[in-house]
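Residue numbers start from 1 in every chain, and the chains themselves are labelled A, B, ... in the order their sequence lines are given, proteins ahead of strands. Because the structure is a prediction, the values reported are computed rather than measured.
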Number of protein chains: 2
Amino acid sequence: MARTTQEQYKAQARVLKALAHPTRLLLVEELARHPRCVCDLRDAAGLDISTVSKHLSLLRNAGIVVDEKRGLKVFYSLKTPCVLNFFKCVESVRACSK
Amino acid sequence: MARTTQEQYKAQARVLKALAHPTRLLLVEELARHPRCVCDLRDAAGLDISTVSKHLSLLRNAGIVVDEKRGLKVFYSLKTPCVLNFFKCVESVRACSK
DNA sequence: AGAATATTTGGCCAAACTGCCAAATAGTCA
DNA sequence: TGACTATTTGGCAGTTTGGCCAAATATTCT
């Protein structure tokens, strides 16, 4: 297998960075249950809706969620449910590092 | 299962954040092969040794690596090899999001 | 002790991040 | 069209990040 390049590390880091924020982890977990509109996610996060919208847009750019407009509302859902594996991974790191 | 708390999200985010940098991913991959001293890792990363030292200290604080002094050198190694699962996870996200 | 080597720490600076508010945009409905 | 709702965008302020250099620290060896 070829050595990992600097570009590959950057791409990997982009994905991890997108998830590396408490609010975005909460959003991902909410979306794991089922698709939600921004206003529902604002309630779940307890932040200004513009802040939530920016977090979602960041997750979309990272390829983690997708959005779909229905009438006035925009529904977000997980594009890559495999991202939920991260939760388990993180918990094992935290368990190991006790 | 109890709902994830804000504190838990913060703790999870700290782990992800520690990994969310190209240089630190490179360091982790190097350490996955075998323990290395800082000077070797500096060569692998191609950065100032003080910069590498700070990245390693950050990884140590996150519980991802441990250090051991041997003579003049300090050897770092993975504390939680399970962290390597992240590479696979990230690659699947990137694969999903094509 | 003094010289040499390996690492860490502190300081600096430019860039990125994250929250809020206000304004702009898009869609619905009377 | 005009009012209303949902979301996004732009801008501001305070904080964090990540690189380098210089200085401090720790260890070894003569």
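- Residue A:D48 is the one, among A:R70 and A:D48, whose nearest nucleotide of DNA chain C lies closer to the 5' end (criterion: closest heavy atom).
- Under 4.0 angstrom from either OP1 or OP2 of D:dT16 there lies no side-chain N or O belonging to B:K17.
- The side-chain heavy atoms of A:E29 and A:F87, taken from C-beta on, include a pair separated by under 4.5 Å.
- For A:T51 and C:dC20, the shortest distance from a side-chain N or O to OP1 or OP2 is below 4.0 Å.
- Scanning atom types as modelled, one donor and one acceptor separated by under 3.5 angstrom connect the side chain of B:K54 and the base of C:dG11.
- Contact check for A:K10 versus A:Q12: no side-chain heavy atoms found under the 4.5 Å cut-off.
- Taken to the nearest 0.5 Å, the CG atom of A:L59 stands 8.0 Å off from the CG atom of A:L31.
- Among the protein residues, A:S50 comes within range of the nucleic acid bases, having at least one heavy atom under 4.0 Å from a base atom.
- Regarding contacts with the backbone of D:dG18, a side-chain N or O of B:R24 is found under 4.0 angstrom from either OP1 or OP2.
- Within the 4.0 Å cut-off from OP1 or OP2 of C:dC17, not a single side-chain nitrogen or oxygen of A:H55 is found.
- For C:dT8, one of the phosphate oxygens OP1 or OP2 lies less than 4.0 angstrom from a side-chain nitrogen or oxygen of B:Y76.
- Criterion: ILVMFWY side-chain heavy atoms under 4.5 Å apart, direct or through other members. Under it, B:L84 and B:V66 are not part of a common hydrophobic cluster.
- For C:dG19, one of the phosphate oxygens OP1 or OP2 lies less than 4.0 angstrom from a side-chain nitrogen or oxygen of A:H21.
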